[in-house]
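Letters A, B, ... are given to chains in the order of the sequence lines, protein chains preceding strands, and every chain is numbered from 1.
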Protein chains: 2
Amino acid sequence: MRPLFHPAVEDLKPEAILYALSDPERVAIFAQIAGLGSSGTCTALSNLGDRVIPKSSLSQHMKVLREAGLIRGERQGVEMRNHSRCQEVDSRFPGLIGAILSAYGRPPAATNAG
Amino acid sequence: MRPLFHPAVEDLKPEAILYALSDPERVAIFAQIAGLGSSGTCTALSNLGDRVIPKSSLSQHMKVLREAGLIRGERQGVEMRNHSRCQEVDSRFPGLIGAILSAYGRPPAATNAG
DNA sequence: TTCCATAGTTCAGAAATTCGGAACTGTTGA
DNA sequence: TCAACAGTTCCGAATTTCTGAACTATGGAA
């Protein structure tokens, strides 16, 4: 398995972020991770909505979020701890994540994306 | 040719807006329309970037922007006048368009999206 | 060490989407 | 009636997405 790729803050691309968050399922995942403040495992994120996301699909979703720079994933034992990169993204694109989450009716926690 | 579809403000979907603006070519088109303040024809929008967009592709792009509720197109004689729906979108999702255009390095005019 | 369970990734084929040239529609003007 | 023009629709090729199955990696038990 190849190591996970995480873009540097200066390499963040708005199109990747918008694309990643143009899928409600990914938004639910991201909002959960960002809302927790802490990390979350993939498995814990697989049944947020009205269906159970197949794990191969979930893995793809996580990859899209990761490569857009929205989350950081690091292996911890058997599982993967995912946490949001809201502050980094916000430093690069101020207000973007907040506006997006608000539009989805998922008001961001001030400490995470404000 | 079927009549153009434009969603009502209350039917705007964040996912459609983010998807539409996850393509830099569409962002360029939208920014041009929004920035003009006035309307623009499709043809005038076809060579904004570093390539000429084929007109069938351009037509698709316009459709995506239109159906996301970002622009309104109305036939005027032979051509189509397109104008932005920034204010309507902004009334529904405050700050969203501004944050997105800013992230793309296309600061929105205050009168159009603020 | 070997085996098993768990967490997540990668593979691969089917389904869906996107791209763009060619054909078409609708409007204007000669 | 015809030609020119603006934009849409069609349709086949290329790309992307989806997801079950196979695989990798880690940890714990025997």
Side-chain angles (χ1 to χ4, degrees), chain A residues 1-6 13 15-16 18-30 32-33 36 38-68 70-83, chain B residues 1-6 13 15-16 18-30 32-33 36 38-68 70-83:
Chain A
M1 264 170 222
R2 28 198 106 108
L4 303 182
F5 172 71
H6 295 95
K13 300 267 188 297
E15 55 266 43
L18 292 226
Y19 174 73
L21 297 180
S22 70
D23 180 328
E25 220 157 52
R26 280 194 293 263
V27 172
I29 294 168
F30 176 67
Q32 176 72 11
I33 294 174
L36 281 176
S38 68
S39 57
T41 64
C42 290
T43 313
L45 297 162
S46 65
N47 54 357
L48 292 176
D50 39 359
R51 69 153 190 158
V52 174
I53 306 175
K55 66 177 184 171
S56 59
S57 304
L58 183 64
S59 185
Q60 284 306 309
H61 283 328
M62 301 309 280
K63 182 180 179 184
V64 171
L65 290 170
R66 224 165 37 226
E67 300 194 344
L70 287 163
I71 63 175
R72 189 181 299 278
E74 38 195 44
R75 182 149 221 158
Q76 198 155 13
V78 226
E79 60 198 15
M80 184 81 71
R81 314 299 306 186
N82 296 287
H83 47 94
Chain B
M1 266 172 221
R2 26 197 108 107
L4 304 182
F5 172 71
H6 295 95
K13 300 269 189 296
E15 55 266 44
L18 292 225
Y19 174 73
L21 297 180
S22 70
D23 180 328
E25 219 157 53
R26 280 195 293 264
V27 173
I29 293 168
F30 176 67
Q32 176 73 11
I33 293 174
L36 280 176
S38 68
S39 56
T41 65
C42 290
T43 314
L45 297 162
S46 66
N47 54 356
L48 292 176
D50 39 0
R51 69 152 189 157
V52 174
I53 307 175
K55 64 179 184 171
S56 59
S57 303
L58 183 63
S59 185
Q60 283 306 310
H61 282 327
M62 301 309 280
K63 183 180 179 184
V64 171
L65 290 170
R66 222 165 37 227
E67 300 196 344
L70 288 163
I71 63 175
R72 189 181 297 279
E74 38 195 44
R75 183 151 219 159
Q76 199 155 10
V78 227
E79 59 198 18
M80 183 81 71
R81 313 299 306 188
N82 296 286
H83 48 95

Enquirer: Heavy atoms only: give me the nearest B:His6-B:Ile71 pair and the separation to one decimal.
Expert: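 It is CD2-O, 3.6 Å.
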Enquirer: Separation of B:Asn82 atom CG from D:dA6 atom C1', in whole Å?
Expert: 11 Å
Enquirer: Expressed as a whole number of angstroms, how long is the span from B:Glu74:CD to D:dG7:C1'?
Expert: 15 Å
Enquirer: For nucleotides 28-30 of chain D, tabulate all protein N/O to nucleotide N/O atom pairs closer than 3.5 Å, reporting atom names and distance.
Expert:
none

Enquirer: Give the table of side-chain donor-acceptor pairs shorter than 3.5 Å for residues 52-63 of chain B, with sequence neighbours excluded, one pair per line with atom names and distance.
Expert:
from	atom 1	to	atom 2	distance (Å)
B:His61	ND1	B:Arg26	NH1	3.3
B:His61	NE2	B:Glu25	OE1	3.2

Enquirer: Taking the side chain as every heavy atom from C-beta outward, state whether B:Leu65 and B:Leu21 have any atom pair closer than 4.5 Å.
Expert: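 In short, these two side chains touch, coming nearer than 4.5 Å.
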Enquirer: Between atom CZ in B:Arg81 and atom P in C:dT28, what is the gap in whole Å?
Expert: 14 Å
Enquirer: Could you summarise the pairing of DNA chain C as dot-bracket text, marking Watson-Crick and G-U pairs under 3.5 Å with ( ) or [ ] inside the strand and | across strands?
Expert: ||||||||||||||||||||||||||||||
Enquirer: For A:Ala68 versus A:Ala16, what's the shortest heavy-atom pair and its separation?
Expert: CB-O, 3.6 Å
Enquirer: Considering only C:dA7, D:dA6, C:dC19, which nucleotide approaches the side chain of B:His61 most closely?
Expert: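 When the side chain of B:His61 is considered, C:dC19 is the closest of C:dA7, D:dA6, C:dC19.
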Enquirer: Over how many whole Å does the gap from B:Glu79 atom CD to C:dT25 atom C1' extend?
Expert: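 About 17 Å, once rounded to whole Å.
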Enquirer: Classify B:Arg26 by what it touches in the nucleic acid, base, sugar-phosphate, or nothing, heavy-atom distance under 4.0 Å.
Expert: nothing
Enquirer: How far apart are the closest heavy atoms of A:Ser46 and A:Thr43, and which atoms are they?
Expert: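 In this case the closest contact between A:Ser46 and A:Thr43 is OG-O, 2.9 Å.
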Enquirer: Could you report the tightest heavy-atom contact between A:Met80 and A:Gly73, atom names first, then the distance?
Expert: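 Shortest heavy-atom separation between A:Met80 and A:Gly73 comes out as SD-C, 3.9 Å.
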Enquirer: Considering only nitrogen or oxygen atoms on both sides, find all protein atoms under 3.5 Å from nucleotides 9-15 of chain C and state each distance.
Expert:
from	atom 1	to	atom 2	distance (Å)
C:dT9	OP1	A:Arg66	NH1	3.3
C:dT9	OP2	A:Ser59	OG	2.5
C:dT9	O5'	A:Ser59	OG	3.3

Enquirer: Restricting to non-hydrogen atoms, name the atom on B:Ser22 and the atom on A:Glu15 that form the minimum distance, rounded to 0.1 Å.
Expert: O-CB, 3.3 Å
Enquirer: Round to the nearest Å and state the distance from B:Gln76 atom CD to C:dT28 atom P.
Expert: 10 Å
Enquirer: So, is A:Arg75 close to the D:dT24 phosphate, meaning a side-chain N or O under 4.0 Å from OP1 or OP2?
Expert: no
Enquirer: Please list all pairs meeting salt bridge (charged side-chain N to carboxylate O under 4.0 Å, His left out) that have one or both residues in residues 70-79 of chain A, counting only residues at least two apart or in different chains.
Expert: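 Counting only pairs at least two positions apart or across chains, the salt bridge (charged side-chain N to carboxylate O under 4.0 Å, His left out) contacts touching residues 70-79 of chain A are A:Arg72-A:Glu88, A:Glu79-A:Arg81.
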Enquirer: For A:Cys42 and A:Asn82, which heavy atoms make the closest approach, and how far apart are they?
Expert: SG-ND2, 3.8 Å
Enquirer: If you compare every side-chain N and O of B:Thr43 against the phosphate oxygens of D:dC5 (OP1, OP2), does one of them come in below 4.0 Å?
Expert: no
Enquirer: With sequence neighbours left out, what residues match B:Leu48 under side chain to side chain contact (heavy atoms under 4.5 Å, CB included)?
Expert: B:Ala28, B:Ile29, B:Gln32, B:Leu45
